[in-house]
Amino acid sequence: MLIEQCSYDQTEIHCVFVDLVKAYDRVPTEELWSRSDVQTLTSWKAPIIWEGMFVPDLFDQMHKQQGSSVALTVFAVGRYLDAYLNTFMSSSEQHFMLGLPVIYYIFTDTPEKVPDIKLAPQRQMKVIKVERYPRWQDISMMRMKTISEVIESEIRHCCTHVFCFDVDQMFTERFGSEALGDSVALLHAHYYNLPKDQFTYDRNPKSKAYMESGDFYYHAAIFGGTWKNVKALTDACYQNIMEDKTNEVEALWHDESHLNKYFWLHKPSRVLSPEYCWDSSIGSPEALRVTRLLWAPKHYDTLRTG
């Protein structure tokens, strides 16, 4: 463990840790902090982040020194705005990237209904009107195009990193700078501990999302990275979605299927454990020491159309 390689002089610990963290996307997790009860390293040497693997204050200090800033994108279209946005935003202000500059990009078809949330210093909100598609599947898939466009027009000029969230979630504990990386994927809570043959990849060879196998099953409710990498991801997913439409094909899990295909071809440099997005209906396995973000109760019968 890192602490065993340093003297207990706080300045020395800080310097060694910061130097190591700067290369965090490229070094084996065993050289940082690890846990024996869960997988903490991918086959391509990317860390899988769990509680107990990092010192929050040191990560925060390092990112402040580097001038890191984060754009958070979230879509609140139709009934999703009334049902979830206020809770999502209020809880984010309590737990998401505290101490770093954050710009919220709220995409909605009804900007006048966005709640007035009191934001902390260095945090701001931008509301952008978007089209409401008749089918929720199209809303989900077409967000890739919208995110890419706003990265190109705005985010690239003001933020170093981007995180993209589904709105039907609630922050409950720290979701901090330890999650920042070049390319960030999230292990799906329902699949992280299952054998690969149970992963629900798209099995239709006609789809651009088609996969025979993969590394993990990633959840599209959260993905992120540097603005350049998130733009590359959203551009690729959008292009493949449109090619499927041309061929009258729709991937099994829509944009999530395309995201899994992208991360199979372009390995993420950091993987977030399911503690970063947990479904409480699963229970509380022993490995889960903290839940940082929880799925909100789903009422798809009244929220979704199409």
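Sequence positions, counted from 1, serve as the residue numbers for this chain.
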Handout entry: From D109, T108, V167, residue fulfilling side chain to side chain contact (heavy atoms under 4.5 Å, CB included) relative to L81
Key =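 Option passing the side chain to side chain contact (heavy atoms under 4.5 Å, CB included) with L81: T108.
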Problem - Candidates M89, K129, K126 - the one meeting side chain to side chain contact (heavy atoms under 4.5 Å, CB included) with I106 - result: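 The option that passes is M89.
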Handout entry: M97/L180 under side-chain contact (heavy atoms from CB on, under 4.5 Å): CA gap, chis, key distance, verdict
Key = CA-CA 9 Å; M97 301 293 168; L180 296 177; 3.7 Å; yes
Output a table of donor-acceptor pairs, distance under 3.5 Å, between side-chain atoms of residues 191-199 and any protein atom two or more places apart or on a different chain; print 'none' if there are none.
| unit_1 | atom_1 | unit_2 | atom_2 | d |
| --- | --- | --- | --- | --- |
| K196 | NZ | G214 | O | 3.1 |

I need the minimum non-hydrogen distance between [X] and [Y], along with the two atoms involved.
X    : Y    : answer
V230 : G225 : CG2-N, 3.4 Å
S213 : M211 : O-CE, 3.2 Å
A209 : D244 : N-OD2, 4.4 Å
A220 : D255 : CB-OD2, 4.5 Å
S92  : Y104 : OG-OH, 2.9 Å
A221 : C277 : CB-SG, 4.3 Å

Problem - By side-chain hydrogen bond (donor to acceptor under 3.5 Å, both in side chains) - contacts of S43 (at least two apart) - result: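 With sequence neighbours excluded, S43 shows a side-chain hydrogen bond (donor to acceptor under 3.5 Å, both in side chains) to no residue whatsoever.
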Practice task
Kindly write out the residues that satisfy side-chain hydrogen bond (donor to acceptor under 3.5 Å, both in side chains) with D279, not counting sequence neighbours, or none if the list is empty.
Solution key: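 D279 satisfies side-chain hydrogen bond (donor to acceptor under 3.5 Å, both in side chains) with H190, S281 once adjacent residues are dropped.
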I'd like to know if [Y] and [X] are part of one continuous hydrophobic network [Ile/Leu/Val/Met/Phe/Trp/Tyr, side-chain heavy atoms within less than 4.5 Å].
X    : Y    : result
Y201 : V249 : no
Y217 : L252 : yes
V271 : V290 : no
Y218 : Y210 : no
L98  : V184 : no

Taking the side chain from [X] and the backbone from [Y], do they hold a donor-acceptor pair closer than 3.5 Å?
X    : Y    : answer
W50  : Q39  : yes
R270 : I48  : no
D166 : D168 : no
T40  : S36  : no

Handout entry: Plane angle bin for F216 and W44 - parallel if under 30°, tilted between 30 and 60°, otherwise perpendicular
Key =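 Aromatic pair W44/F216 classed perpendicular.
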Practice task
Assign the ring pair Y84 / Y80 to parallel, tilted or perpendicular, where the plane angle (0 to 90°) is split at 30° and 60°.
Solution key: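 Y84 vs Y80 ring planes: tilted.
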Practice task
Check whether the side chains of S148 and D235 place a donor and an acceptor atom closer than 3.5 Å, and report yes or no.
Solution key: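 Present: a donor and an acceptor within the cut-off.
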Would a 4.5 Å heavy-atom cut-off, applied to side chains only, mark [X] and [Y] as touching?
X    : Y    : result
E152 : K231 : yes
H258 : D202 : no
T172 : S91  : no
L85  : P115 : yes
L259 : W253 : no
T226 : T160 : no
W278 : P285 : yes
F107 : I128 : yes

Exercise for the section: Take S280 and T291, measure what side-chain contact (heavy atoms from CB on, under 4.5 Å) needs, and give me the verdict at the end. Expected result: CA-CA 9 Å; S280 57; T291 53; over 6 Å; no
Exercise for the section: Kindly indicate, with the supporting measurements, whether the criterion side-chain contact (heavy atoms from CB on, under 4.5 Å) is fulfilled by E256 and H188. Expected result: CA-CA 11 Å; E256 185 168 273; H188 198 298; 4.1 Å; yes
Exercise for the section: Just do the side-chain contact (heavy atoms from CB on, under 4.5 Å) check on T73 and I155 with the steps written out, would you? Expected result: CA-CA 10 Å; T73 72; I155 292 174; 4.3 Å; yes
Exercise for the section: Sort out for me which residue in E173, H95, E51 forms a side-chain hydrogen bond (donor to acceptor under 3.5 Å, both in side chains) with R292. Expected result: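 Going through the options one by one, the only one that passes is E51.
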Separation of [Y] [atom2] from [X] [atom1] (nearest 0.5 Å):
X    : Y    : atom1 : atom2 : result
K245 : E250 : NZ    : CD    : 6.0 Å
D182 : S269 : CG    : OG    : 4.5 Å
D215 : K267 : CG    : NZ    : 3.5 Å
L294 : M170 : CG    : CE    : 5.5 Å
S273 : L187 : OG    : CG    : 7.0 Å
D57  : M62  : CG    : CE    : 13.0 Å

Problem - Basic-acidic side-chain contact under 4.0 Å: E93, K118 - result: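 Salt bridge between E93 and K118, a charged N being under 4.0 Å from a carboxylate O: no.
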Handout entry: D82/K113 salt bridge by N-O under 4.0 Å criterion
Key =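 Looking at K113 and D82, the cut-off is met.
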Handout entry: Output field: ring centroids F223/F163 closer than 6.0 Å
Key =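 Ring-ring flag for F223/F163: false, centres at least 6.0 Å apart.
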Practice task
Answer with yes or no after comparing the ring centroid distance for F96 and F165 against a 6.0 Å cut-off, counting only values under it.
Solution key: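 Centroid distance F96-F165: below 6.0 Å, so yes.
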Is atom [atom1] of [X] surrounded by more than 12 heavy atoms (other residues, nucleotides or ligands) closer than 6.0 Å?
X    : atom1 : answer
K261 : NZ    : yes
D37  : CG    : yes
E286 : CD    : no

